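Worksheet: one structure, shown below.
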Amino acid sequence: MDSLAASDGVLRPAAPTAPPLLKVAELRRSFGAVRAVDGLDLEVEAGSITGMIGPNGCGKTTAVNCITGFDRGCSGSVELQGRSIARRQPEEIARGGVMRTFQAIRVFDGFSVLENAAMGRQCFDGLRLQHPILRTPRFRQVERETRARAEALLETVGLGAKKGELAGSLSYGQKKLLALAGILMSEPKIVILDEPVAGVNPTMVHEIAELLRRLNAAGTTFLIIEHNIEFVMALSDRVVVMDRGRRLASGTPAEIQQDERVLEAYLGGGDGGL
Ligand SMILES: Nc1ncnc2c1ncn2[C@@H]1O[C@H](COP(=O)(O)OP(=O)(O)OP(=O)(O)O)[C@@H](O)[C@H]1O
């Protein structure tokens, strides 16, 4: 057993270290001859912002699909707080506290901004069918709580004034914020963002960065997959670089920016500079 000598010279057992919030090991997924994910190892510490970057087609989205259960044809281990969630159903993984966004925004244009946000909470789990049908006091209480939380989250993401408008009237960047508010409804342990600022104007990129910083300071852990290197480097505590389905490097943003292998993967692959 590891032991520590304290300043008084007495040897005591080392405090047990908590497992990473999310731990992925030897993750693999092939499509025919294409090894999209080829033995990926990845760790995300609780309370951190972890960035994941890598050239086009290196397997980032496939890895996220495997982690979140949207692709169940993967092998390898995925653990949340030390417990296996590998190859579970996506709903089960979401209920366990792993929430994600998608590259293609998923909001319902024909519903209001508030209704969209409120849909993010799986609040009626555990309520038997008679509750919504009869609008029982229990159901109405859950409904009130859901509305209050949705309103608070819309304020947080800067959409409070738009809660009564149709989601279809929002700009592209605002829809991304709405999707984020929706997934925060269930108080996830970790939020995985797949390209949160792709196609977003520079002002909104700055606003999203500030928002993610605030949410992180309030306790939300993020794994961010993004091509905007500047955005990732400015926000992340640690950065994981993927190349050809594997982890090429991981470290602080400063370490990654100096890493010869990373520069080669980007510059050599013609994917733009770091
Ligand atoms: N459903 C699929 N069927 C066949 N091949 C696929 C499928 N999904 C992904 N691939 C292939 O797997 C590889 C990894 O793709 P993936 O989308 O995970 O990469 P990525 O790093 O997210 O790319 P980008 O940064 O461009 O979004 C690519 O070669 C891609 O063409």
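Side chains included, hydrogens not; waters and symmetry mates left out as well; all remaining heavy atoms used. Just follow the structure's listing: the first ligand is 1, and inside any ligand the first atom is 1. Because the structure is predicted, anything quoted here is derived from the model rather than measured.
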How far is atom 29 (O) of ligand 1 from its nearest protein heavy atom, and which residue and atom is that? Val34 CG1, 3.8 Å

Considering only non-hydrogen protein atoms, determine which one is nearest to atom 18 (O) of ligand 1 and report residue, atom name and distance to 0.1 Å. Thr62 OG1, 2.5 Å

Nearest to atom 26 (O) of ligand 1, what protein heavy atom do you find, and at what distance? Asn56 OD1, 3.1 Å

Any ion pair linking Arg147 and Glu151 (charged N to carboxylate O, less than 4.0 Å)? yes

By number and element, which atoms of ligand 1 are closer than 4.0 Å to a non-hydrogen atom of His227? 24 (P), 25 (O)

Here the atoms of ligand 1 under 4.0 Å from any heavy atom belonging to Glu195 are 27 (O)

Checking side-chain hydrogen bond (donor to acceptor under 3.5 Å, both in side chains) for the pair Asp71/Thr62: CA distance, chi angles, key distance, verdict? CA-CA 8 Å; Asp71 184 339; Thr62 304; 5.9 Å; no

Given Asp38, which of Arg247, Arg29, Arg28 fulfils the salt bridge (Lys or Arg N to Asp or Glu O under 4.0 Å) condition? Arg28

Restricting to non-hydrogen atoms, name the atom on Val24 and the atom on Leu40 that form the minimum distance, rounded to 0.1 Å. CG1-O, 3.8 Å

Any protein heavy-atom neighbour for atom 31 (O) of ligand 1 (distance below 4.0 angstrom)? no

Run the side-chain hydrogen bond (donor to acceptor under 3.5 Å, both in side chains) test on Thr68 and Arg100 for me, step by step, so that the C-alpha distance in whole Å, both residues' side-chain angles and the decisive distance to 0.1 Å come before the verdict. CA-CA 8 Å; Thr68 52; Arg100 69 173 292 187; 3.2 Å; yes

Below 4.0 Å from ligand 1: does a non-hydrogen atom of Gln103 turn up there or not? yes

Testing the basics here: between Gly59 and Val37, what is the closest heavy-atom pair and its distance to 0.1 Å? O-CG2, 3.6 Å

Where Glu45 and Ser48 come nearest, the two heavy atoms and their spacing: O-OG, 2.7 Å

Protein contact of atom 1 (N) of ligand 1 - nearest heavy atom, named by residue and atom, plus distance: Phe31 CE2, 3.6 Å

Side chain to side chain contact (heavy atoms under 4.5 Å, CB included), that's the test. Do Leu153 and Arg149 meet it? Break it down for me. CA-CA 6 Å; Leu153 280 168; Arg149 180 156 173 79; 4.0 Å; yes

For Thr61, which part has a heavy atom under 4.0 Å from ligand 1: side chain, backbone, both, or neither? both

Any non-hydrogen protein atom less than 4.0 Å away from atom 9 (C) of ligand 1: yes

Proximity winner for atom 19 (O) of ligand 1, if only heavy atoms of Ser30, Gly59, Ala36, Gly54 are counted: Gly59

Among all protein heavy atoms, pick out the one at the shortest distance from atom 28 (C) of ligand 1; state its residue, atom name and that distance to 0.1 Å. Gly57 O, 3.8 Å

Any side-chain heavy atom of Met204 within less than 4.5 Å of one from Leu177? yes

Check for me whether Cys58 has a heavy atom closer than 4.0 Å to any atom of ligand 1. yes

